[in-house]
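In what follows, a structure is listed as structure tokens, so that the remarks can point back to it.
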2 protein chains.
Amino acid sequence: MIEHDIFRAMADPTRRTIFEKLANGSMNASTLRQGMDISQPAMSQHLAVLRAAKLVREQKEGRFVNYEVDPDGLALIAQWLAKYRAYWPARIDALKLLLKDMDQ
Amino acid sequence: MIEHDIFRAMADPTRRTIFEKLANGSMNASTLRQGMDISQPAMSQHLAVLRAAKLVREQKEGRFVNYEVDPDGLALIAQWLAKYRAYWPARIDALKLLLKDMDQ
DNA sequence: AAAATACATAAGCACACACTTATGCGATTT
DNA sequence: AAATCGCATAAGTGTGTGCTTATGTATTTT
């Protein structure tokens, strides 16, 4: 169940930080570690979890592995969220922004 | 951090089932248990976690406690998701549905 | 008022999970 | 070709989490 993988992956604050970093630009695993006080194996394990959830994807470049946000995972979250749109309050600013964004 | 509470709450499959049940109509804790093979304390604990994450809210009615979906939690997920809208592929059907839904 | 009902909370236990150190394996550098 | 670098994986360990049983507290029923 990929949906379970996604929520489980995002339940960890370190992985959310990693994901947010990648959302601001793809980079390799070593660069990701900078300013994060995390061991190399720990980073590697976190990336494996995010990969399994289709939240990030890799691109090998020589001995480096470049990571980037995988839209598939975000799409699945959006689909999950859409199931409950009956409960979204109309007032939410974020959704209005989204609307504008999708309109163009 | 409520965002952390939300992802942690949704990381458990039993809680996702409970949430989905409530999305189809509010009910009390005992009714929620029907067909779920879960003890009364376990249900109570799950509801406490969902409550802390603002994913459900309670309404006391005599000795019953009626639970319903809390839009606040869903709104926070939507806001979180909106941060990464740059990565949403335009093709996602769910988002198109959403667009239609918000347009009316 | 005594019993029953709906729910919450406490305490203890088994398992999942995030970390560590150690090691392996390609690719690059010297 | 030897050393180094970037990354992954294995194995072990402590902590978090979801379960259980036991018990408490209102509220309703009889």
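All chains are named by letter (A, B, ...) in the order of the sequence lines, taking the proteins before the strands, and each is independently numbered beginning at 1.
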With side chains defined as the heavy atoms from C-beta onward, is the minimum distance between Val69(B) and Leu22(B) less than 4.5 Å?
yes
Distance check needed: dA18(C) P versus Leu47(A) CG, whole Å only.
13 Å
Any heavy-atom pair between the side chains of Leu55(B) and Arg15(B) that's under 4.5 Å?
no
Compare the minimum distances between each of dT4(D), dT20(D), dT29(D) and the side chain of Arg63(A), then state the nucleotide with the smallest one.
dT4(D)
Quick check for you: among dG18(D), dC19(D), dC7(C), whose closest atom lies nearest to any side-chain atom of Ala42(B)?
dC19(D)
So salt bridge (Lys or Arg N to Asp or Glu O under 4.0 Å) across residues 41-54 of chain B, not counting sequence neighbours, yields Arg51(B)-Glu58(B)
OP1 or OP2 of dT17(D) under 4.0 Å from side-chain N/O of His46(B)
no
Verify the contact: side-chain N or O of Ser44(B) to OP1 or OP2 of dC7(C), cut-off strictly under 4.0 Å; return yes or no.
no
Parallel, tilted or perpendicular: which describes the rings of Phe19(A) and Trp80(B), with under 30° parallel and over 60° perpendicular?
parallel
DNA chain C: 5'-proximal contact among Asn28(B) and Arg8(A) (nearest heavy atom)
Asn28(B)
Does dG18(D) have its OP1 or OP2 closer than 4.0 Å to a side-chain nitrogen or oxygen of Ser39(B)?
no
Between P of dC19(C) and CD of Gln40(A), the distance in whole Å:
13 Å
Within less than 4.0 Å of OP1 or OP2 of dA8(D), is there a side-chain N or O belonging to Tyr67(A)?
yes
Ile38(B) atom CD1 is separated from dT20(D) atom P, nearest whole Å, by 8 Å
In this structure, how many angstroms lie between the P atom of dT17(D) and the CZ atom of Phe7(A), rounded?
17 Å
Please give, in whole Å, the distance from dA18(C) P to Met10(A) CE?
13 Å
Counting only side-chain N and O atoms of Arg15(A), is one of them less than 4.0 Å from OP1 or OP2 of dC19(C)?
no
Just how far, in rounded Å, is C1' of dA16(C) from NE2 of His4(A)?
10 Å
Protein-nucleotide distance (Arg33(B), atom CZ; dC19(D), atom P), rounded to Å:
12 Å
Grab the CG-C1' distance between Leu32(A) and dC7(D) for me, whole Å please.
12 Å
Pairwise 5' ranking along DNA chain D for Ala11(B) and Lys60(A), keeping only the more 5' one:
Lys60(A)
Phosphate OP1/OP2 of dA8(D): any Arg51(A) side-chain N/O under 4.0 Å
yes
Is there a side-chain contact between Ser44(A) and Gln40(A), using heavy atoms and a 4.5 Å cut-off?
yes
Counting only distance, no hydrogens or angles, is the base of dT20(C) paired donor-acceptor with the side chain of Gln45(A) under 3.5 Å?
yes
